[in-house]
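Here is the naming used below: chain letters follow the sequence lines, and residue numbers restart at 1 for every chain.
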There are 2 protein chains.
Amino acid sequence: MNAPDPMIRITTQRQILLEELGKTKNHPTACELYDMVRKRLPRIGLGTVYRNLELMADTGIILKLEVGGSQKRFDAEIEPHYHIRCCRCGKVENIEVDIIQDIVQSAAKKTSYDIIGHHVEFSGECPDCQDGSSKI
Amino acid sequence: MNAPDPMIRITTQRQILLEELGKTKNHPTACELYDMVRKRLPRIGLGTVYRNLELMADTGIILKLEVGGSQKRFDAEIEPHYHIRCCRCGKVENIEVDIIQDIVQSAAKKTSYDIIGHHVEFSGECPDCQDGSSKI
DNA sequence: ACTATATTGCAAATCATCCGCATTGGCGAA
DNA sequence: TTCGCCAATGCGGATGATTTGCAATATAGT
């Protein structure tokens, strides 16, 4: 029923983008990734970064994190896991809390949505911000 | 140590903003609220809406939802509760799942963050989108 | 190598949000 | 009740993040 998918080509920018994202444990924004990639591919455009992150997220190769804050963040780790976000500096890190397996089932009973997933996001002050605390 | 808080005045726009937010079970964006309020206060500025939502969220009168999607959403219900977001149309609704009380404690053991809260967001297809399904 | 077309770089357009500033309007004091 | 101070408003324009149009380029099948 659906038109044949247009071919997805393996381009240098896609390879490098994926490599750089895989290298970091942080959850970089598109701009941060742009800066990282630009060290190896100085002529890459920011639009290309956005387009390809979007594409890879749609394909399921990477994860687009729709967490708090004004920028989207990306993650090469696609196994489900939860995050914690510093409410002061906005940094996002993984947190090693077990996935709550049955939460989706119990939620499904409460709604007529067709639930496909869930995400838990903790918020707090990161160690760095707890030090230089009081006020920035 | 802190300067005396500047007085917070009860203005017409604040009252109406709060009333309109309280009226709805949806979780409107600033723009949606702007449209709602404008029916009663045609000359209100969008900036005022943003400023006051921000202020009321800081004061704790309302809740600013930092959920997925590109716009922030607001909620007059400030008791902790979880949300479900339609991955197709972006709508956000409450979901009547019990708050997981001890998740914060167990997370606290796993991180050196000073955890102050958490939020669970389910995603799925809302009933409306399940109907007109296949493609929009 | 050749071609069809997916992809890129660039710049300009959008979208959400915020800010500066002159004007307005709450509200405590007279 | 009126007065005056200063918080709050309505603008319009700035900002930051993301998207898009388009001509030039590069990938993959033949």
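- Within a heavy-atom distance below 4.0 Å of DNA chain C, no residue of residues 21-30 of chain B is found.
- Within residues 58-75 of chain A, no residue approaches DNA chain C, by heavy-atom distance under 4.0 Å.
- Taking CG of A/L33 as the start and CZ of A/R73 as the end, the distance is 11.0 Å to the nearest 0.5 Å.
- Within 6.0 Å of the NZ atom in B/K64, the count of heavy atoms belonging to other residues, nucleotides or ligands exceeds 12.
- Distance CD1 (A/I16) to P (D/dA26): 14 Å, rounded to an integer number of Å.
- Relative to the axis of its first five pairs, the axis of the last five pairs of the helix from C/dA1-D/dT30 to C/dA30-D/dT1 sits at 40°, rounded to 10 degrees.
- Side chains of A/Y113 and B/Q130: a donor-acceptor N/O pair is absent below 3.5 angstrom, by distance only.
- Listed by first then second residue, pairs satisfying ring-ring contact (aromatic ring centres under 6.0 Å, His included) with a partner in residues 19-48 of chain B read B/H27-B/H83, not counting sequence neighbours.
- Sorted by first and then second residue, the ring-ring contact (aromatic ring centres under 6.0 Å, His included) pairs involving residues 40-63 of chain B (not counting sequence neighbours) form an empty list.
- Nucleotide C/dA6 holds its P atom 11 Å from the CD1 atom of A/I8, rounded to whole Å.
- Side-chain N/O atoms of B/Y82 and B/E96 include no donor and acceptor closer than 3.5 Å.
- Side-chain N or O atoms of B/S106 include one that pairs as donor or acceptor with a backbone N or O of B/I103 at under 3.5 Å.
- Between C/dG26 and B/R14, no contact under 4.0 Å exists linking OP1 or OP2 to a side-chain N or O.
- Between D/dT27, D/dA28, C/dG25, one nucleotide has an atom nearer to the side chain of B/R9 than all others, and that is C/dG25.
- In the region residues 31-54 of chain A, proximity to DNA chain C at under 4.0 angstrom, judged on heavy atoms, holds for A/R43, A/I44, A/G45, A/T48, A/R51, A/N52.
- Crowding of A/K91 atom NZ: a count of heavy atoms from other residues, nucleotides or ligands under 6.0 Å exceeding 12.
- In this structure, B/I84 CD1 and A/T111 OG1 are separated by 4.5 Å, a value rounded to the nearest 0.5 Å.
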Inset, instruction - Kindly indicate, with the supporting measurements, whether the criterion side chain to side chain contact (heavy atoms under 4.5 Å, CB included) is fulfilled by B/E79 and B/E77. - result: CA-CA 6 Å; B/E79 291 307 309; B/E77 172 58 63; 3.0 Å; yes

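- Hydrophobic clustering (ILVMFWY, side-chain heavy atoms < 4.5 Å, transitive): B/L21 and B/L65 are in distinct clusters.
- Here the side chain of A/T24 pairs a donor or acceptor atom with the backbone of A/N26 at under 3.5 angstrom.
- At distances below 3.5 Å, not a single donor-acceptor pair connects side-chain atoms of B/E121 with backbone N or O atoms of B/R85.
- The side chain of B/Q13 has D/dG10 as its nearest neighbour among C/dG9, D/dG10, C/dT7.
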